[in-house]
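This report refers to the structure that appears directly beneath it.
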Protein chains: 2
Amino acid sequence: MKKREVKTMTLFTKDEYLERIRKTKARMADAGIDVLVVSDPANMNYLTGYDGWSFYVPQCVVVATDAEQPLWIGRGMDVAGARHTTFLNEDHIIGYPDDYVQNPIKHPMNFVADKIKTCGWEKRAIGVEMDAYYFSARGFIAFQKDLPKAEITDGNLLVSWVRLIKSDDEIGYMKEAGKIAERVMQTALDNLSPGVRECDAVAAVYQAQMSGTEKFGGDYPAIVPMMPTGEKTSAPHLTWTDDPYQSEQAVNLELAACRHRYHCPIARTAYLGRKAPEKLERLAAVTVEGLDLTLDTIKPGMRCEEVELVWRKHIAKAGFEKESRIGYAMGLNYPPDWGEHTASLRPGDKTILAPNMTFHMILGMWMDNYGFECSESFRVTETGCKTFADFPRKLFLKP
Amino acid sequence: MKKREVKTMTLFTKDEYLERIRKTKARMADAGIDVLVVSDPANMNYLTGYDGWSFYVPQCVVVATDAEQPLWIGRGMDVAGARHTTFLNEDHIIGYPDDYVQNPIKHPMNFVADKIKTCGWEKRAIGVEMDAYYFSARGFIAFQKDLPKAEITDGNLLVSWVRLIKSDDEIGYMKEAGKIAERVMQTALDNLSPGVRECDAVAAVYQAQMSGTEKFGGDYPAIVPMMPTGEKTSAPHLTWTDDPYQSEQAVNLELAACRHRYHCPIARTAYLGRKAPEKLERLAAVTVEGLDLTLDTIKPGMRCEEVELVWRKHIAKAGFEKESRIGYAMGLNYPPDWGEHTASLRPGDKTILAPNMTFHMILGMWMDNYGFECSESFRVTETGCKTFADFPRKLFLKP
């Protein structure tokens, strides 16, 4: 194999990666998993530093309880990217030949299974991420066929749960994302005006997301900007059109900033007029009060479901209710989602809050034909919680 | 179920969707598939019009040979988006309850399996997209378990192959993407300069992608802008940093524009200096000649592998070779890839070119420590081929 010639650009110390791997192995032991095949790009990044837009082909990081360093296995042309971005030794970075790509006869997971045999792990309990976006059913079948003596088991979200409590260095990147998020939201508000095309307002938001601040630039968020208006506000995941914004309409701004793949989502609502309808103003007041109150209540030791209960009781007094969860763990991620799919602020979630857990609390209140949303990304501190962005919580009027 | 109250915004006529479904059913019959569960967001869009950033939760379109209209099945909150964007009748749009989302106990594909039973299809041959990004191994297992009497079979890429030949209306959107792509590339070149941070150049590119032209706006491409420079040009999928571009360095520009989810990728190389190294100039000349020659040769009736051979013979005369494929079918798509994973311009691909097939031909020539790339997106015409963008093919010098 060619000698490593490139400068490695890992964002964290090697010790931090090794500590993450140690925690992962402890969870693997609890779950009875000897070898974990990690296909989720955020989990791959978390364990090794690997960062690149290569997840459109199968790739993975393989963690074995009896090996200090994981293996990175990906497409041959991405080996250079793995050398650049991971802390791994050269002999732990393995590329598969390009004829495995989009080939109906053989699949990259056949190659990974061969590597597992080479390492002598073919009779072990092998965990795969059964519900990850970039581990396919075909990859799973390839494993079942090629590793008949292995016990193939579900390791979905195992690494994601390790990610729940962030290190101080991770928090540092999220604070930087928070600074960018303030500019992103201000840019959106500055560009919203009756007659402005949705696509042009979105273009300005993208510009702000990537240019970041004078000190540090931005990265691409895992979800595109959502700025729907009018009746489209009832359809949460529609993107933009060429239509101009119209006066006397509300606009939902579901935005985010990202720094080195760490996110700070932020949502606000604007009204294009001098005065919003009274019912919208009332809903905004109740929601913002509820957000303030709920954030004030959060402290380590509370359960996720208790946080949600504070909010639910508050809005019930005003005659409102909200069916869906009010927040979820987030941080490091890749498209199509910045959420970590672990802890949620919802009834039944018994996760106990601890310092340096990070959440996006999003209060989207959708009535029949009007709505309001306001969100904050925050970390749990030793005594309470602190938001990453500092931006007014209110209904913004844009005459 | 609530009466449909919203205006439908399908991009194509209902007849065009029905024709696509007819072709899909014909392929299903050939493959022995009675019911096809389509999870790929581009395929879902193609068959129904559905468009939204909701593919981070499981969803699908179900096509049955004995039903005229497919079913759209997705998250309850996305039903409104399906009403907005699809041609489907109200009773063919089905939402699953929110507690199926990210729930370790039950999976949205359990819900889909229940619907299949309700429709009386549980003993049929049911095709699923085994290698699609957004159909997971867990979803596959849910089907196996819940539909024990069905024959679960692989319908991967079945609809993608129907997409290979575009309609004139689809070509129309790709032409608009081509117009935007010209602006995107010009914006990139205008913003490249020694001392400019990579993130700021990328920000300008994003701005151009979304604002489009005065007449029509842009949509988010399926892949982020890639503008690597220096030694990072050897790692094809690394994204940007805060580092400033430096003089006497080459920059690869792998960009795209998108209109209503239809893409026009475009790649060029720039050199930040008054004069490029001679070897780079020579490589650029050979590559551009090869691109011109290969595009001039293309006509309906040729096989994909024959197109590649024209290129290969040309560069061999100059002493070069290229291992990887030189192009692939593309058009309608979502992250993480704009490629259709069907026909490729590579040895062994026997696909016969026909009018309105659309490809991205990308000639990336990577030597030890320098490289050049130039690409064109084109459609096959009745007599040859025509590119979507009109932009000079050369090595751009930026002093």
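Chain identifiers are assigned alphabetically (A, B, ...) following the order of the sequence lines, protein sequences preceding nucleic acid strands; residue numbering begins at 1 within each chain. All of these numbers come straight from a predicted model, not from anything done at the bench.
- Rounding to the nearest 0.5 Å places CD1 of A/I141 at 9.5 Å from CG of B/D154.
- Within the 4.5 angstrom heavy-atom criterion, no atom of A/L157 approaches chain B.
- Here B/V224 is the residue among B/D99, B/V224, B/V57 with the most heavy-atom pairs under 4.5 Å with chain A.
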Exercise for the section: Show your working on side-chain contact (heavy atoms from CB on, under 4.5 Å) between A/R325 and B/Q102 and close with a plain yes or no. Expected result: CA-CA 11 Å; A/R325 65 180 178 180; B/Q102 296 162 23; 3.1 Å; yes

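- Atoms CG and OG, from B/L238 and A/S54 in turn, are 8.5 Å apart once rounded to the nearest 0.5 Å.
- Heavy-atom pairs under 4.5 Å with chain A were tallied for B/R197, B/H260, B/E323, B/E198; the largest tally goes to B/R197.
- At a threshold of 4.5 Å between non-hydrogen side-chain atoms, the residues A/M210 and B/W240 count as touching.
- Counting heavy atoms from C-beta outward, A/F140 and B/S136 have side chains that stay 4.5 Å or more apart.
- When each of B/M226, B/K215, B/R346, B/M77 is checked for heavy-atom pairs under 4.5 Å with chain A, B/M77 comes out on top.
- Heavy atoms closer than 4.5 Å to chain A are found in the backbone of B/T213, but not in its side chain.
- A donor-acceptor pair under 3.5 Å is absent between the side-chain atoms of B/R138 and the main chain of A/A137, judged by distance alone.
- Taking chain B as the reference chain and counting heavy-atom pairs below 4.5 Å, the highest number among A/A235, A/A203, A/A204, A/P335 is found for A/A203.
- Using a 4.0 Å cut-off between a side-chain N of Lys or Arg and a carboxylate O of Asp or Glu, B/R259 and A/D242 qualify as a salt bridge.
- Atom OG1 of residue B/T239 and atom CH2 of residue A/W53 lie 9.0 Å apart, to the nearest 0.5 angstrom.
- Distance check: A/H237 NE2 to B/H84 NE2 gives 14.0 Å after rounding to the nearest 0.5 Å.
- No side-chain heavy atom of B/Y220 sits less than 4.5 Å from a side-chain heavy atom of A/Y220.
- Contacts between A/A208 and chain B at a heavy-atom distance below 4.5 Å are absent for every atom of the residue.
- Residue B/E214 touches chain A through its backbone alone, counting heavy-atom pairs closer than 4.5 Å.
- Residue contact with chain A, scored on non-hydrogen atoms closer than 4.5 Å, involves the backbone and the side chain of B/D219 alike.
- Around NZ of B/K145, the count of heavy atoms belonging to other residues, nucleotides or ligands within 6.0 Å does not exceed 12.
- Of the inter-residue distances, the one linking B/D200 atom CG with A/Q207 atom CD reads 7.5 Å to the nearest 0.5 angstrom.
- Most heavy-atom pairs under 4.5 Å with chain A, from the set B/G81, B/P58, B/G52: that is B/G81.
- Comparing A/V202, A/D78, A/N156 by how many heavy-atom pairs each has under 4.5 Å with chain B, the most go to A/D78.
- Only the side chain of B/H107 has a heavy atom closer than 4.5 Å to any heavy atom of chain A.
- Closest heavy-atom contact between A/Y133 and B/F55: CE2-O, 4.4 Å.
- Proximity to chain A (any heavy atom under 4.5 Å) is restricted, for B/V101, to the backbone atoms N, CA, C and O.
- Only the backbone of A/A132 has a heavy atom closer than 4.5 Å to any heavy atom of chain B.
- The parts of A/D131 that come within reach of chain B are both its backbone and its side chain, each placing non-hydrogen atoms under 4.5 angstrom from that chain.
- Here B/D337 is the residue among B/D337, B/V79, B/T241 with the most heavy-atom pairs under 4.5 Å with chain A.
- Heavy atoms only, all atoms of each residue included: A/C199 and B/G217 are closest at SG-CA, 3.6 Å.
- In this structure, chain B has heavy atoms under 4.5 Å from both the backbone and the side chain of A/Y56.
- For chain B, the nearby parts of A/K232 are the backbone and the side chain; heavy atoms of each come within less than 4.5 Å.
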